[in-house]
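Lettering follows sequence order; numbering is per chain, from 1.
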Amino acid sequence: MAEKGQENGAYQLITPPNLLKAKVGKGGMGRIDPDLIKHAETVVDSLGNEFAETVSREILHVMELAMDLETDPAKAADIMKNIRRVAHDLRGQGATYGYDLISDVAECLFQYTDRLSSAAELNPEVLRAHADAMRAIIKNDVKGDGGVVGIDLVASLDALVLRMTG
Amino acid sequence: MSYQLEGLRILIIDDNAHIRQLLRTILYAVGIHAIDVAEDGVTGFDSFCRLEYDLVFTDYEMEPISGLDLVDMIRTSHKSPNPYVPIIMISSYSDGDRVQSARDRGVTEFLAKPFTVDVLMSRLESVIEEPRPFVRTESYFGPDRRRKQDPRYNGPERRTTELEKVDVSVRDLSKQQRDALQASQANANKIAGD
């Protein structure tokens, strides 16, 4: 690759050729074909049902982990790791499929684990409260952020997390 | 005339199978069919060295090497076949410090999870239309971290815009939906009060 560089004191500025643009053409109005973008959105929408099933499975998983925590507190470190994995995955996907509120509740759960100084402080009731909220969202197919009611729900979960970690 | 995207070859490196599948599905739907995936940075870098990729998506947090370390390897390793390749970093952690550290390591664009098709497409257009020159100093090699300044621009800081939630939609809820959410809220309040 030809480098057009200029020495200027302690740094060198290089302007590589725009190979990407050369490869895809000059484009024009819309650049990426709007019909293809619409098609991609339709495909993602169709994956929404699959996502709702994934959340339902993960809710059960969180409930089981809460129960394990009560019956065998020695497993707290493993349970914490699993909860963080579930929360991290769901917060990163919810809004993509239109379930913004699932992302918000999962984020709140993740923040809860972040604020604890050790896994031994995990409280099964807090885990259940988040699982319960996610179940209400999925069971009733609440898309978007849930408006004022959704914001209130997340605020209550935030307050719960603060209360249990403060 | 729109982009002819079918000639692109893209590498996706993410330890989350759902995200790999989602990215692949969206990119395939807009016409990019040469898409390879890797579930960690070591395998991903190995793939990167074997073929000519036009664009790389990488997760931020991965093991055994992080997304940032992978960016370092792509930008500075003597094995790297294309240190100038555009890299889009995806992460749930979208706080300012993370975005800044990603830029400081040579990332081209940052894509916060969860993302929509629209935002993903805007990042793709950005790497095609707004390539930044590269800078080499003693401690850094990568895209120029200074964005072009438009003196007429008086809107919000770009980074602030990037960090804004993408799709905060307020929709009317049915009574059943409202009751279900409020019952969950009452449950959370009760636990907090106990």
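Contact check for A:V24 versus B:D54: no side-chain heavy atoms found under the 4.5 Å cut-off. Between A:I32 and B:I128 the shortest side-chain heavy-atom distance does not fall below 4.5 Å. Considering only heavy atoms from C-beta on, A:Y11 stays 4.5 Å or farther from B:D144 through its side chain. When side chains are defined from C-beta on, A:Q12 does not count as touching B:V135, because their heavy atoms never get closer than 4.5 Å. Within the 4.5 Å cutoff, side-chain heavy atoms of B:I19 are placed close to those of A:Q93. The shortest distance between side-chain heavy atoms of A:I14 and B:Y84 falls below 4.5 Å. Residues A:D33 and B:V30 form no side-chain contact, since every pair of their non-hydrogen atoms from C-beta on lies 4.5 Å or further apart. Annotation: side chain of A:T15 is not in contact with side chain of B:F134 (no heavy-atom distance under 4.5 Å).
Nearest heavy atom pair, residue A:L13 against residue B:P133, reads CD1-CB, 4.2 Å. Between A:S103 and B:P114 the shortest heavy-atom distance is OG-CG, 3.5 Å. The two residues B:S184 and A:A136 have their closest heavy-atom pair at OG-CB, 3.5 Å. Of all heavy-atom pairs spanning A:L157 and B:A188, the tightest one is CD2-CB, 3.8 Å. B:A29 and A:V43 make their closest contact through CB-CG2, 4.5 Å (heavy atoms, listed as atom of the first residue, atom of the second, distance).
Of the possible polar contacts, one joining the B:Q177 side chain to the A:D141 backbone as a donor-acceptor pair under 3.5 Å is found. Listed for the A:T96 side chain is a donor-acceptor partner under 3.5 Å among the backbone atoms of B:F115.
Chain B forms more heavy-atom pairs under 4.5 Å with one residue of A:H88, A:K38, A:H130 than with any other, namely A:H88. Taking A:R85, A:H39, A:K23, A:M164 one by one and counting their heavy-atom pairs under 4.5 Å with chain B, the maximum is reached by A:K23.
Annotation: B:E6, atom CD; neighbour count of heavy atoms from other residues, nucleotides and ligands within 6.0 Å is above 12. Atom CD of A:E70 has more than 12 neighbouring heavy atoms from other residues, nucleotides or ligands inside a 6.0 Å radius.
In this structure, the portions of B:V127 lying under 4.5 Å from any heavy atom of chain A include both its backbone and its side chain. For B:L124, the part sitting under 4.5 Å from any heavy atom of chain A is the side chain, from C-beta outward, and nothing else. The contact between B:N16 and chain A is made entirely by side chain atoms (from C-beta outward), counting heavy-atom distances below 4.5 Å.
Here the straight-line distance linking atom CD1 of B:I191 with atom CZ of A:R163 works out to 11.5 Å at 0.5 Å rounding.
Using modelled atom types, one finds no donor on one side chain facing an acceptor on the other under 3.5 Å when comparing B:Q185 with A:D152.
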